[in-house]
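Read through the structure below, which is laid out as structure tokens, and then see the notes.
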Amino acid sequence: QVQLVESGGGLLQAGGSLRLSCARSGTIFKINAMGWYRQAPGKQRDLVAAITSGGSTNYVDSVKGRFTISRDNAKNTVYLQMNSLKPEDTAVYYCNVDALNWSLVRLDYWGQGTQVTVSS
């Protein structure tokens, strides 16, 4: 059973920084990509940052230059470093893994989410 557990969220002032962590347990045959999504109240869940198995990264324009996604394969952990936080970054942040199982069927795994609240 694959599990993703996020941590590192909190409440802070605008301009501050947080580092989110997503620890994975369980066995995955192959990971295509890992990413961070966020969902604000009344809005859909949107991709914030992603990193592929090859190490390339993508970011939504609103966080470019402020957020950095990284991974530590030895620890089965993906991180999201968030700097210069703004009130509009307030959301529940979710970790995601895009994977293949042993039958080469594509699967999505999700964490439970961690709340990030940025005050002005």
Side-chain angles (χ1 to χ4, degrees):
Q1 184 73 30
V2 174
Q3 286 188 313
L4 305 176
V5 179
E6 300 101 330
S7 62
L11 191 155
L12 73 167
Q13 297 176 340
S17 298
L18 285 175
R19 192 185 201 192
L20 306 183
S21 298
C22 174
R24 172 177 57 83
S25 62
T27 302
I28 297 176
F29 176 67
K30 183 180 180 181
I31 296 174
N32 296 321
M34 296 175 287
W36 288 93
Y37 290 70
R38 67 186 180 188
Q39 186 169 23
K43 298 186 180 297
Q44 68 179 12
R45 187 178 300 184
D46 292 324
L47 178 68
V48 178
I51 183 167
T52 70
S53 60
S56 63
T57 58
N58 284 306
Y59 301 91
V60 67
D61 285 344
S62 60
V63 309
K64 288 176 64 177
R66 300 189 297 120
F67 291 11
T68 303
I69 187 170
S70 62
R71 66 187 180 192
D72 186 336
N73 290 334
K75 296 182 178 180
N76 294 327
T77 301
V78 61
Y79 305 94
L80 185 67
Q81 178 68 46
M82 305 186 295
N83 298 326
S84 302
L85 282 162
K86 305 174 180 180
E88 50 263 45
D89 295 318
T90 295
V92 177
Y93 284 71
Y94 297 90
C95 180
N96 169 264
V97 175
D98 177 5
L100 298 178
N101 68 10
W102 287 267
S103 298
L104 302 184
V105 174
R106 190 173 180 179
L107 300 173
D108 270 330
Y109 300 98
W110 293 93
Q112 82 288 347
T114 185
Q115 177 71 48
V116 173
T117 302
V118 184
S119 62
S120 60

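If you're wondering where the values come from, they're calculated on a predicted model, not measured in any experiment.
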**OP:** Could you list all the salt bridge (charged side-chain N to carboxylate O under 4.0 Å, His left out) pairs where at least one residue sits in residues 1-11, not counting sequence neighbours?
**Re:** none

Subject >> Approximate separation, where rounding is to 0.5 Å, of Arg38 CZ and Asp89 CG >> reply: 5.0 Å

**OP:** Working to the nearest 0.5 Å, report the span between OG1 of Thr68 and CG of Asn83.
**Re:** 6.5 Å

**OP:** Return the set of residues passing side-chain contact (heavy atoms from CB on, under 4.5 Å) with Ile28 (not counting sequence neighbours), or none when no residue passes.
**Re:** Val2, Arg24, Ile31, Val97, Ala99, Tyr109

Subject >> Side chain to side chain, Gln13 and Leu85, heavy atoms closer than 4.5 Å >> reply: no

**OP:** Quick one: list whatever passes side-chain contact (heavy atoms from CB on, under 4.5 Å) with Arg19, sequence neighbours left out.
**Re:** Ser70, Tyr79, Gln81

Subject >> Transitive ILVMFWY cluster of Val5, excluding itself - 4.5 Å side-chain cut-off >> reply: none

Original post:
For Gly35 and Ile69, which heavy atoms make the closest approach, and how far apart are they?
Top reply: CA-CD1, 4.1 Å

Original post:
Quick one: side-chain contact (heavy atoms from CB on, under 4.5 Å) partners of Asp108, sequence neighbours excluded?
Top reply: Asn96, Asp98, Trp110

Original post:
Can you list the residues that meet the side-chain contact (heavy atoms from CB on, under 4.5 Å) rule with Thr52, with sequence neighbours excluded?
Top reply: Ser56

Original post:
To the nearest 0.5 Å, how far apart are OH in Tyr93 and CG in Leu80?
Top reply: 7.5 Å

Original post:
Between SG of Cys22 and CE of Met34, what distance do you get to the nearest 0.5 Å?
Top reply: 8.5 Å

Original post:
Yes or no on side-chain contact (heavy atoms from CB on, under 4.5 Å) for Val116 and Met82, after CA distance, side-chain angles and deciding distance?
Top reply: CA-CA 10 Å; Val116 173; Met82 305 186 295; 3.9 Å; yes

**OP:** Indicate yes or no: at least one non-hydrogen side-chain atom of Tyr94 is less than 4.5 angstrom from one of Leu4.
**Re:** no

